[in-house]
Amino acid sequence: MSNKEHQTEEYKIGIINRLKRIEGQIRGLQKMVEENRNCSEILIQLSAVKGALNKTTEKILKEYTKVCIIEYEESGNEKLIEELIEILSKFKEV
């Protein structure tokens, strides 16, 4: 079973919607800089974007972890667990 087979349409739409909102936030930040808005306002928005990215990353990591475990249980392929650990180590802050 591949990662694609485990992703539901609802999950995929949810992630895409989150990314579109983040994209809108980034465009808003660009406009704020162009308009010479107050740095404190820009920093607050940057914090919101970072939070949204972290939450999206967390959701994707949870799904990826679930998929890896299911695939490992089905195949017994240790490489899947090694790949999972490697990916998780890149996201220590989440």
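Heavy atoms only: backbone and side chains are in, while hydrogens, waters and symmetry mates are out. Computed from a predicted structure; not experimentally measured.
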Donor-acceptor contact below 3.5 Å, side chain Ser47 vs main chain Leu43: no

Are Glu86 and Glu82 close enough, and set up right, to give a side-chain contact (heavy atoms from CB on, under 4.5 Å), and what steps lead you there? CA-CA 6 Å; Glu86 183 179 329; Glu82 291 170 16; over 6 Å; no

Indicate, with yes or no, if Tyr64 and Leu88 share a hydrophobic cluster defined by side-chain heavy-atom contacts under 4.5 Å among Ile, Leu, Val, Met, Phe, Trp and Tyr. yes

Would you mind listing every salt bridge (Lys or Arg N to Asp or Glu O under 4.0 Å) that reaches into residues 13-25, with sequence neighbours excluded? Glu23-Arg27

Could you give the distance from CG (Leu19) to CD1 (Ile26), rounded to the nearest 0.5 Å? 11.0 Å

Just so I know, are the side chains of Ile87 and Thr65 near enough to count as touching, which here means a heavy-atom distance under 4.5 Å? no

Does Glu35 have more than 12 heavy atoms from other residues, nucleotides or ligands lying within 6.0 Å of its CD? yes

Pairwise distance NZ(Lys31) to CD1(Ile42) - rounded to 0.5 angstrom: 13.0 Å

Between CD of Glu83 and CG of Asn77, what distance do you get to the nearest 0.5 Å? 7.5 Å

Only residue of Ile16, Ile15, Thr8 satisfying side-chain contact (heavy atoms from CB on, under 4.5 Å) with Lys12 is Ile16

Using 0.5 Å steps for rounding, measure from the CD1 atom of Ile44 to the CG atom of Leu29. 11.5 Å

Taking a hydrophobic cluster as the set of Ile, Leu, Val, Met, Phe, Trp and Tyr residues connected by side-chain heavy atoms closer than 4.5 Å, whether directly or through intermediates, do Ile22 and Leu46 fall within one such cluster? yes

Please report the closest heavy-atom contact between Met32 and Gln45, naming both atoms and the distance. SD-CG, 3.7 Å

Closest approach of Glu78 and Tyr72, non-hydrogen atoms and distance? OE2-OH, 3.0 Å

Taking the basic N atoms (NZ, or NE/NH1/NH2) and the acidic carboxylate oxygens, is any pair closer than 4.0 Å for Glu63 and Lys66? yes

